[in-house]
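Taking it in order: structure first as structure tokens, then the write-up.
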Amino acid sequence: MQTPPRRPVLVDPDEVLMALARNARLPVPLLRRLLHHRGARDEAARWRSDLTQQLAEEIDALGHGGATHALACNPDLPVGMKRRLVRGDDAAVRSALAGRDAPLPRDLVEAFVADRSAQVRQAAAANRRSPSDLRARLATDPDPAVRAELAQWWTEAPEEIRRTLLTDTDATVRAAACATYFRRLPHPVPPADLHPALLADPVTRAGVVAHLDLDPGTAHRLAADEDPDVRGALAEHPELPADLVALLGRDEDPMVRVKVFLRKDTAESLREVIHAGLLAGSEKTRMDPFDADEEDVFCSIAMMELRIRIVVWVLKDPLPYVDSPYPAFRRSAAAAGDALPRTAIARLFEDPDSEVRKTMAAAVSVLDPDTAERLERAHEENRKWPGSPADNAVFPPETMRRFATDPDPRMRALALRDPELPAEFVERLARDDEARVRREAAAHPNLPAPSLLLLLGDTDLRTARAAAGSPQLPHEAMEAILAVAEL
């Protein structure tokens, strides 16, 4: 075994120092030395949950604005330090404090709601932890950007506040209150007496369509609206007449067509046409993004929508869709998990689409190791869709040891999920040719200290960071890192 050097060789000292700053086992005296490195200081200020009032004041006193802002972003910052930062002149710092998803004393929230900077008041408006009575004051804030922020994020506001925002004189506020800007954040049904005005207003029309008692005349007018968001909202309406389902299924906007595709009452012949068109545009974008036109790009976005959507009506009655020609429906059926018959589960475990198999593996209550291993070996990794079939599996120790010597680097990396993997296996994997395997080994509790020290100089910077952040890193190694950096 190679003897590690007394002082580690660091390919990128800055990266290692920043990772060390987040190491939970870093002694306070070494942390204080590390604060003289700008990047490490910012990392410690933002991410450490154990900062005392004194340490936080020392960071702030170093006079670097980035570190002060990082302190304000730390949800575990001592309250005394938060009070100190509120008195500062930097609106960005106060805004960071006001927007943190962490409990704040009432007097601080009052200060944020009344702050001279609209940026700070916007942060308070968006913060779901702001007390309702204080948050309500912002519904009449002089700055429309603050009112719009409140309208967008306070979906449980009392009806009187919602009315105020839905009838605001500023279009951006009304649009935000009707969920036009942030369609995935569910807003409650607008008061019925406001529906006519919201329907007549171009900026709120798309947001109110879903809540209308749809009559044929209104439906046809909306189907001809120039705003694709309006037509898209109409395409999801449960009372949409069949002739308009067919019309919107051929809409010029791919995002409208995908909503028709996802309707339960869409004719299968139309669904087939929609899917073929979206797939063709998406493939063109994937093969040559520079030659793709705008519609092709939106086809690609629409197909991404199908990749992430679990279709509720399929989930409620999954069995008819186990053999659907569309992966989106088969994946939605797989999400039903143990509610499916064993034969259906077995078919979905053999599905040609990797995401369907992964969904099935995640949805069952017990995933046997043999099936999990087979699925993992066949899984097609995709950075856009993280996770793997093995995430829901528990492998016996002997299987994990077998994985440790597997020819497939993905399986070797999987072996390191076992916290009981013997040190000799972990040490060998720390010298693996594949960076992803070394990275997992760097974080393993059984990696011997000499091997961990060697990984500090790994050419893969994520591996070096993992080694510097490991709770197993000896104090003398931490000292050596600081010595190399002359801190």
Side-chain angles (χ1 to χ4, degrees), residues 125-126 128 132-133 135-141 143-253 255-266 305 309 311-313:
R128 62 188 178 90
S132 295
D133 62 318
R135 212 175 182 188
R137 298 178 189 175
L138 298 170
T140 55
D141 192 276
D143 192 313
V146 175
R147 304 196 303 273
E149 197 78 4
L150 184 72
Q152 177 174 313
W153 293 103
W154 197 10
T155 57
E156 296 92 18
E159 182 172 328
E160 63 177 295
I161 300 297
R162 290 171 46 220
R163 281 182 174 275
T164 298
L165 297 169
L166 285 166
T167 57
D168 196 279
T169 57
D170 190 276
T172 60
V173 180
R174 300 195 305 274
C178 218
T180 304
Y181 283 171
F182 207 74
R183 300 294 300 281
R184 289 195 179 281
L185 191 66
H187 279 55
V189 180
D193 61 298
L194 294 182
H195 286 187
L198 296 174
L199 187 61
D201 187 346
V203 302
T204 57
R205 188 173 299 146
V208 76
V209 166
H211 309 296
L212 297 176
D213 292 328
L214 200 62
D215 62 82
T218 301
H220 280 78
R221 285 196 303 274
L222 293 173
D225 197 282
E226 62 182 14
D227 185 352
D229 283 344
V230 173
R231 302 196 305 276
L234 181 66
E236 295 180 304
H237 200 290
E239 299 170 6
L240 187 65
D243 63 321
L244 294 185
V245 172
L247 176 68
L248 293 175
R250 291 171 170 79
D251 194 273
E252 64 181 7
D253 191 292
M255 299 305 294
V256 176
R257 299 201 301 273
V258 78
K259 294 179 189 303
V260 175
F261 174 89
L262 290 169
R263 292 181 63 93
K264 186 176 183 179
D265 60 356
T266 297
E305 172 80 7
R309 177 75 71 92
V311 186
V312 175
W313 54 267

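We count residues from 1, following the sequence as given.
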Under the side chain to side chain contact (heavy atoms under 4.5 Å, CB included) test, which residues partner [X], sequence neighbours left out?
X      : answer
Asp201 : Arg174, Val203, Thr204
Arg221 : Thr218
Pro158 : Trp154, Glu160, Ile161
Pro241 : Ala219, Asp243, Leu244

Check against side chain to side chain contact (heavy atoms under 4.5 Å, CB included), Val208 and Leu194: CA-CA 9 Å; Val208 76; Leu194 294 182; over 6 Å; no
Gap between atom [atom2] of [Y] and atom [atom1] of [X] - 0.5 Å precision:
X      : Y      : atom1 : atom2 : answer
Glu156 : Arg128 : CD    : CZ    : 10.0 Å
Thr172 : Asp168 : OG1   : CG    : 7.5 Å
Glu226 : Arg231 : CD    : CZ    : 9.0 Å
Leu262 : Glu305 : CG    : CD    : 7.0 Å

Of the non-hydrogen atoms in [X] and [Y], which two are nearest, and what is the gap between them?
X      : Y      : result
Arg263 : His237 : NH1-O, 2.6 Å
Ala206 : Ala233 : O-CB, 3.5 Å
Arg162 : Pro190 : NH2-CA, 3.6 Å
Leu247 : Ala223 : CD2-CB, 4.2 Å
Val260 : Ala235 : CG2-CB, 3.8 Å
Leu212 : Leu222 : CD1-CD1, 4.2 Å

Test side chain to side chain contact (heavy atoms under 4.5 Å, CB included) applied to Trp153 and Glu149, step by step: CA-CA 6 Å; Trp153 293 103; Glu149 197 78 4; 3.4 Å; yes
Are [X] and [Y] close enough that some pair of their side-chain heavy atoms sits under 4.5 Å apart?
X      : Y      : answer
Glu236 : Leu234 : no
Asp265 : Leu240 : no
Leu166 : Cys178 : yes
His195 : His211 : yes
Pro228 : Glu252 : no
Pro238 : Leu214 : no

Donor-acceptor pair, side chain of Arg257 and main chain of Arg250, under 3.5 angstrom: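 Here the side-chain-to-backbone pair does not exist.
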Working for salt bridge (charged side-chain N to carboxylate O under 4.0 Å, His left out), residues Asp141 and Arg147: CA-CA 6 Å; Asp141 192 276; Arg147 304 196 303 273; 5.7 Å; no
Contacts of type salt bridge (Lys or Arg N to Asp or Glu O under 4.0 Å), residue Asp225, not counting sequence neighbours: Arg205
Set of salt bridge (Lys or Arg N to Asp or Glu O under 4.0 Å) partners for Arg163, sequence neighbours left out: Glu159, Asp193
